[in-house]
Amino acid sequence: MTDDALLKQLEESTKDFSRHQAETLRSILQHQRGVRYLQRHLPDAGDHNLPIDTATFRRSVPLSCYDDYVDYINQLADGDKCTSDDDHDPRHLLSVDPLVCFFYSSGTSSMKPKLIPYFDSTLSKGASHIAHQGSAAVLRKFFPPRPEVNKRLVFIYADSITTTKGGFKVMAASSFPLHSSSNPNRSLFMSLSSPMEVILGSNVEHQMYCHLLCGLRNSDSIDAIHVPYAIGLIKAMRVLESKWKQLCDDIEKGFLCSVINDVRMRDSVVEVLGGPQPDLSNRIRLIFEKKDWGGILNKLWPNVRYIRSVTTGSMKQYYSKLKYYAGEVPLVGGDYFASECCVAINLDIKQPPDLTRFVMLPTAAYFEFLPFDLAENNVVGEETVDVCGVEVGKMYEVVVTTYRGFYRYRLGDIVRVVGFYNSSPLLEFVMRAPKTSYEIVTEGDLMAAIENFQLVLRNTMGMAIEIAEFTSSVDFGSSPKRLKIFIEVKDCDVILQDKLQESNLRKCCSDLEDSLGSIYKVQRNKGEISPLSLSVLKCGSFDRLLKLAIENGTPASQYKPPKIIRNPSIVDVLEENVIVTI
């Protein structure tokens with residue numbers, strides 16, 4: 001299908017959202033009506049002569065969350081047979097389609113990613129194909145291919161694969177095409193600056209270094225830079241800042257430094273280097289020696305046309321830093337695709353995070369909307385509305401029924417309906433939903449407060465302090481409960497540590513507490529919250545969290561530093577790295 005035909009098909013689907021939604025739900029229920037999960041709530045689901053209408057489905061099947069599926073997913077992962085008399089195929093617990101593998105969710109607040117079953121569903125393939133190919137067509141519309149400049153520098157890490165007890169592979173959704181392709185070298189890797197051995201490596205730090213090295217070797221051929229989440233490019237830039245001399249040396253010699261000890265990775269990168277490149281090394285070295293990192297991406301890769309990354313939600317905090325590195329190169333936004341299903345597509349990819357809007361895809365899944373009250377930081381009741389009931393300006397938690405085994409499933413995303421594209425809701429991603437009603441600050445509140453706090457710190461201390469990363473946790477052991485905020489300051493050397501002592505921090509802390517949003521302020525004024533606790537961490541503390549997450553199964557490409565920590569063991573790791581606390 002041509003790009004014009006794909007875009008026309010997407011456009012047409014948005015013109016009758018309600019009809020497409022009714023057809024999508026009917027298709028899902030007709031196909032999956034024999035699965036064990038649905039039969040628990042719809043006793044007549046197995047009778048193909050009795051159609052299940054939308055009202056019956058929403059009345060009989062309760063809203064669900066991941067915990068409602070854990071036992072089924074564990075059974076599938078273990079390959080256990082069902083114990084009922086009819087001895088159903090275990091794959092019919094959630095879907096009638098064959099189980100292929102599992103995808104990891106990001107799972108950063110708990111450090112343990114969820115397992116999302118991936119079933120070989122023809123119906124789902126059709127829906128996701130339109131979404132993914134439509135997204136690619138939108139990108140090509142803005143940036144038509146250039147045969148003469150055709151390489152992409154892509155920071156992906158596809159090695160995080162484990163195997164369940166039942167023999168099923170577990171991986172990031174983004175890794176699936178790389179591992180399932182019959183000829184990945186030719187079909188998927190030819191346009192990438194890094195060879196397959198780098199992408200499939202086992203050491204993220206070494207892979208990142210090699211991605212940069214291969215990208216620099218192909219500097220004139222790089223058309224675009226891709227990274228799943230903005231934090232991935234921020235980390236790559238930190239490696240670039242600290243390792244640029246070694247990178248230049250490797251290019252000059254045509255050989256890798258001894259630190260990279262993966263033989264297959266080394267050999268593949270040496271082949272990319274193609275022998276000593278003294279002229280290229282000198283050109284790149286001159287750029288670095290100017291120590292001007294503003295617009296550095298365009299200086300190093302002069303033909304790059306765009307940088308693509310998700311910069312909405314918790315990634316929004318990195319946008320200004322990415323703009324600094326990118327200079328005049330446009331930052332292109334991603335789509336709203338979850339591990340469970342595609343939700344919405346970004347048709348205006350050049351917009352900044354604040355103006356990014358997503359057009360819902362009516363054939364990707366069946367969608368419901370659970371009203372959310374920001375003032376209460378919680379959903380309003382258990383009654384959902386469909387597209388006919390949403391109101392512009394209101395916030396909702398997204399609920400999906402998918403082709404791959406989730407039914408009235410709460411995605412945990414809060415969105416705001418900002419309008420309609422034809423008849424499809426136009427969404428703004430607001431934040432991840434709170435896990436409980438006891439949470440006293442939202443991700444948005446925290447990011448806004450830290451942004452303001454950084455300005456106050458700079459003014460108070462008279463220097464360009466940069467908060468590299470931050471997070472928070474509620475200490476329920478304190479009476480009353482207390483919000484703890486942890487920050488890591490970039491280049492926190494001895495001199496800066498001296499300046500960041502208690503007296504200076506205390507001057508700024510009240511401004512931080514005053515910026516924490518209405519939920520926090522109300523409870524603080526009522527005396528229900530103890531004074532804020534602020535801790536400055538040693539450099540590299542958040543890198544430890546990344547390593548822990550990867551060790552627990554989170555794919556490096558999908559890692560997002562948690563803004564609200566709910567796991568006490570993660571808090572303990574941070575507490576071990578505190579420089580000063582007030």
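- Judged by distance alone, with hydrogens and angles left aside, the side-chain atoms of Ser124 form no donor-acceptor pair with the main-chain N or O of Phe119 at under 3.5 Å.
- Closest heavy-atom contact between Thr402 and Val400: CG2-CG2, 3.7 Å.
- Across all their heavy atoms, Val198 and Ser268 have their closest contact at CG2-OG, 4.3 Å.
- At a threshold of 4.0 Å, the pair Lys481-Asp475 does not count as salt-bridged, since none of the basic side-chain nitrogens sits closer than that to a carboxylate oxygen.
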| task | Quick one: do Ile349 and Leu139 satisfy side-chain contact (heavy atoms from CB on, under 4.5 Å)? Show the steps, please. | result | CA-CA 8 Å; Ile349 56 178; Leu139 184 63; 3.8 Å; yes
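- The heavy-atom pair separating Leu76 from Leu94 by the smallest distance is CD1-CD1, 4.0 Å.
- In summary, Arg308 and Asp335 engage in a salt bridge, as defined by a charged side-chain N under 4.0 Å from a carboxylate O.
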| task | Assess whether salt bridge (Lys or Arg N to Asp or Glu O under 4.0 Å) is satisfied between Glu397 and Arg410, documenting all intermediate values. | result | CA-CA 7 Å; Glu397 182 176 352; Arg410 295 172 63 168; 2.8 Å; yes
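- A distance of 12.0 Å separates CE in Met315 from CG in Leu233, rounded to the nearest 0.5 Å.
- Distance CZ/Phe57 to OG1/Thr401: 3.5 Å, rounded to 0.5 Å.
- Under a 4.0 Å N-O distance rule, the pair Lys8/Glu11 does not qualify as a salt bridge.
- Annotation: Arg264, atom CZ; neighbour count of heavy atoms from other residues, nucleotides and ligands within 6.0 Å does not exceed 12.
- Remark: Arg408 engages Glu368 in a salt bridge, criterion side-chain N to carboxylate O under 4.0 Å.
- For the pair Glu443 (side chain) and Ile564 (backbone), a donor-acceptor distance under 3.5 Å is absent.
- The structure places CG of Leu10 at 11.5 Å from CG of Asn422, a figure rounded to the nearest 0.5 Å.
- Across all their heavy atoms, Val100 and Phe168 have their closest contact at O-CD2, 3.8 Å.
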| request: Evaluate the side-chain contact (heavy atoms from CB on, under 4.5 Å) criterion for residues Thr162 and Tyr104: first the C-alpha distance (whole Å), next the side-chain angles of each, then the deciding distance (0.1 Å), finally the verdict. | output: CA-CA 10 Å; Thr162 58; Tyr104 284 120; 2.8 Å; yes
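- Within the 3.5 Å criterion, the main-chain N or O of Asp71 finds no donor-acceptor partner in the side chain of Asn74.
- Ring planes of Tyr118 and Phe103: tilted class, angle from 30 to 60°.
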| request: Evaluate the criterion side-chain contact (heavy atoms from CB on, under 4.5 Å) for residue pair Phe372 and Val415; output intermediate values, then yes/no. | output: CA-CA 9 Å; Phe372 183 85; Val415 300; over 6 Å; no
| message | Determine whether Tyr66 and Leu115 satisfy the following criterion, side-chain contact (heavy atoms from CB on, under 4.5 Å), listing intermediate values before the conclusion. | response | CA-CA 9 Å; Tyr66 186 78; Leu115 296 185; 3.8 Å; yes
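- The aromatic rings of Tyr409 and Tyr69 sit perpendicular, their planes meeting at an angle over 60°, well past the 30° parallel limit.
- For the pair Ser423 (side chain) and Lys15 (backbone), a donor-acceptor distance under 3.5 Å is present.
- Inspection of the Gln558 and Tyr157 side chains reveals no N or O donor paired with an N or O acceptor under 3.5 Å.
- A side-chain donor from one of Asn567 and Ser569 sits under 3.5 Å from a side-chain acceptor of the other.
- At a threshold of 4.5 Å between non-hydrogen side-chain atoms, the residues Leu6 and Ile130 count as touching.
- At distances below 3.5 Å, at least one donor-acceptor pair connects side-chain atoms of Gln21 with backbone N or O atoms of Ala365.
- Distance CG/Leu29 to CG/Leu38: 6.5 Å, rounded to 0.5 Å.
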| Can you check salt bridge (Lys or Arg N to Asp or Glu O under 4.0 Å) on Glu23 and Arg19, steps first, answer last? | CA-CA 6 Å; Glu23 291 175 353; Arg19 179 176 66 82; 3.0 Å; yes
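- Side chain of Ser95 to main chain of Asp97: a donor-acceptor pair is present (N/O by atom type, distance under 3.5 Å, no hydrogens or angles).
- Judged by distance alone, with hydrogens and angles left aside, the side-chain atoms of Tyr366 form no donor-acceptor pair with the main-chain N or O of Tyr407 at under 3.5 Å.
- Between Cys210 and Ser194, the closest side-chain pair of non-hydrogen atoms is not below 4.5 Å.
- To the nearest 0.5 angstrom, Arg544 atom CZ is 12.5 Å from Leu546 atom CG.
- Figure legend: Arg40 and Tyr37 shown as a cation-pi pair, the cationic atom lying under 6.0 angstrom from the six-membered ring centre and within 45 degrees of its axis.
- By the side-chain hydrogen bond (donor to acceptor under 3.5 Å, both in side chains) test, Tyr318 is found to be paired with Glu469, residues two or more places apart in sequence or in another chain being considered.
- Contact check for Val35 versus Val96: side-chain heavy atoms found under the 4.5 Å cut-off.
- Atom NZ of Lys560 and atom CD1 of Ile231 lie 12.0 Å apart (nearest 0.5 Å).
- At a threshold of 4.5 Å between non-hydrogen side-chain atoms, the residues Lys316 and Asp354 count as touching.
- Distance alone, capped at 3.5 Å, places no donor-acceptor pair between the Ser424 side chain and the Phe17 backbone.
- Minimum heavy-atom separation, Arg140 to Gln133: NH2-O, 4.4 Å.
- Here the side chains of Ile116 and Arg404 are not in contact, with every heavy-atom distance at 4.5 Å or above.
- More than 12 heavy atoms of other residues, nucleotides or ligands sit less than 6.0 Å from atom CD of Gln351.
- A donor-acceptor distance shorter than 3.5 angstrom exists from the side chain of Thr24 to the backbone of His20, with no hydrogens or angles considered.
- Tyr306 has its ring centre less than 6.0 Å from the ring centre of His226.
- No side-chain heavy atom of Tyr336 sits less than 4.5 Å from a side-chain heavy atom of Ile345.
- Considering only heavy atoms from C-beta on, Val417 comes within 4.5 Å of Leu427 through its side chain.
- For Tyr396 against Gly389, the heavy-atom pair with the smallest separation is OH-O, 4.1 Å.
- Between the side chain of Arg58 and the backbone N or O of Thr384, at least one donor-acceptor pair lies under 3.5 Å.
- In this structure, Cys342 and His132 have side chains that are in contact, with non-hydrogen atoms separated by less than 4.5 Å.
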